Amino acid sequence: MSDLGFVHRFEPATPEGSKETLLLLHGTGGNENDLLSIGRAVAPGAALLAPRGKVLEHGMPRYFRRLAEGVFDLEDLKARSFELADFVARAAGHYAFDPERVLAVGFSNGANIAGAVMLLRPRCLAGAILLRPMVPFTPEKLPSLAGTRVLVAAGRSDPVVAASQSEELAALLRSAGSDVTLHWSPGGHTLDRSDLAAATAWWRAVPAK
Ligand code: MLT
């Protein structure tokens with residue numbers, strides 16, 4: 001679908017499924033289909049909303065511009081974060097899901113914009129599973145993320161994200177009041193079984209309110 005401002009996929013919740021909606025955000029070069037199977041595995045029966053990033057880097061979709069690997073165009077990042085948050089609100093009205101129960105599942109570039117949305121529009125996401133995220137930017141003033149929950153899934157041998165970045169992000173979100181779990185997998189900048197197991201266990205450990 002290409003309406004509501006983003007090319008996207010939406011799968012409604014099943015009647016017995018979770019009341020949460022997962023916002024699935026792919027990595028650089030990915031698309032709206034990439035994380036559907038992870039979403040279904042983590043939260044069976046939950047609604048899934050998967051927009052495709054609109055910024056093209058040598059033809060590869062992303063959610064915001066970067067100047068180099070790990071060096072973000074902060075103006076674009078912020079504008080795109082608000083645009084994505086507005087899309088989620090519009091989609092909630094259109095598909096009739098609860099806007100207060102949206103959790104992001106983002107990988108790499110998708111995790112980075114999910115983190116930015118939490119910092120810039122703290123009411124947009126009730127939580128997030130951030131797979132190989134960086135610190136998107138350091139806010140001058142911390143928002144209140146009380147009541148949100150976040151899983152930061154980092155890779156011990158990630159060549160793109162230094163371990164200190166993962167720790168810094170976890171600390172930043174914690175200091176804003178979020179309930180943060182930091183999970184280390186032995187792998188690099190790709191997902192492995194340990195990430196899926198951690199995400200599934202994290203999801204199950206915090207039942208929906
Ligand atoms: C980013 O640009 O968000 C990060 O460098 C991760 C990536 O997309 O490779």
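Heavy-atom basis, side chains included; hydrogens, waters and symmetry copies ignored. None of the values given here were measured: they were computed from a predicted structure.
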Problem - Working for side chain to side chain contact (heavy atoms under 4.5 Å, CB included), residues L172 and L119 - result: CA-CA 10 Å; L172 176 66; L119 295 170; 4.1 Å; yes

Would you compute the distance between atom [atom1] of [X] and atom [atom2] of [Y] and round it to the nearest 0.5 angstrom?
X: L22; Y: L36; atom1: CG; atom2: CG; value: 10.5 Å
X: L120; Y: S81; atom1: CG; atom2: OG; value: 5.0 Å
X: E83; Y: I113; atom1: CD; atom2: CD1; value: 8.0 Å
X: L145; Y: R123; atom1: CG; atom2: CZ; value: 11.5 Å
X: L130; Y: L151; atom1: CG; atom2: CG; value: 7.5 Å
X: L173; Y: D179; atom1: CG; atom2: CG; value: 11.0 Å

Problem - Among Q165, M134, R132, side chain to side chain contact (heavy atoms under 4.5 Å, CB included) partner for V160 - result: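 Per the side chain to side chain contact (heavy atoms under 4.5 Å, CB included) rule, the option paired with V160 is M134, out of Q165, M134, R132.
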
Determine whether [X] and [Y] make a side-chain contact, defined as any pair of heavy atoms from C-beta on separated by less than 4.5 Å.
X: N109; Y: H26; result: no
X: V102; Y: L49; result: no
X: D98; Y: K19; result: no
X: V117; Y: P136; result: no

Handout entry: Ion pair check, R65 and D73, cut-off under 4.0 Å
Key = yes

Exercise for the section: Look at the side-chain heavy atoms of Ile, Leu, Val, Met, Phe, Trp and Tyr, link any pair under 4.5 Å apart, and say whether L84 and V55 land in one connected group. Expected result: no

Practice task
Please answer: with hydrophobic residues joined when any side-chain heavy atoms are less than 4.5 Å apart, are Y63 and L56 in the same cluster?
Solution key: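 Per the 4.5 Å side-chain linkage, Y63 and L56 are not co-clustered.
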
Distance-minimising heavy-atom pair for [X] and [Y]:
X: A114; Y: L125; answer: O-CD1, 3.9 Å
X: A176; Y: L142; answer: N-CD1, 3.9 Å
X: S185; Y: D192; answer: OG-OD2, 3.3 Å
X: V152; Y: S166; answer: CG1-O, 4.3 Å
X: A153; Y: D195; answer: CB-OD1, 3.7 Å
X: W184; Y: E167; answer: CZ2-OE2, 3.5 Å

Do side-chain atoms of [X] reach the backbone of [Y] as a donor and acceptor pair under 3.5 angstrom?
X: R52; Y: V7; result: no
X: S18; Y: E20; result: yes
X: S157; Y: G187; result: yes
X: N112; Y: G115; result: no
X: K54; Y: G5; result: yes

Problem - Aromatic plane relationship, F107 with H189 - under 30° parallel, 30 to 60° tilted, over 60° perpendicular - result: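 Plane angle between 30° and 60°, so tilted.
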
Practice task
Begin from the C-alpha positions of N33 and R9 and carry the test side chain to side chain contact (heavy atoms under 4.5 Å, CB included) through to its verdict.
Solution key: CA-CA 7 Å; N33 299 310; R9 293 271 304 261; 2.4 Å; yes

Exercise for the section: Would you please name every residue forming a ring-ring contact (aromatic ring centres under 6.0 Å, His included) with F72, sequence neighbours left out? Expected result: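 Scan of F72 (ring-ring contact (aromatic ring centres under 6.0 Å, His included), adjacent residues dropped) gives F64.
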
Please set out all donor-acceptor pairs under 3.5 angstrom arising from side-chain atoms of residues 85-92, sequence neighbours excluded.
| from | atom 1 | to | atom 2 | distance (Å) |
| --- | --- | --- | --- | --- |
| D86 | OD1 | R121 | NH1 | 3.0 |
| D86 | OD1 | R121 | NH2 | 3.2 |
| R90 | NE | L4 | O | 3.3 |
| R90 | NH2 | L4 | O | 2.9 |

Exercise for the section: Return each pair, listed once, that meets ring-ring contact (aromatic ring centres under 6.0 Å, His included) where at least one residue sits in residues 143-178; pairs must be two or more places apart or across chains. Expected result: none

Practice task
Take L24 and I38, measure what side chain to side chain contact (heavy atoms under 4.5 Å, CB included) needs, and give me the verdict at the end.
Solution key: CA-CA 9 Å; L24 304 176; I38 290 187; over 6 Å; no

Handout entry: Full working for side chain to side chain contact (heavy atoms under 4.5 Å, CB included) between E32 and F6
Key = CA-CA 10 Å; E32 64 277 20; F6 278 79; over 6 Å; no

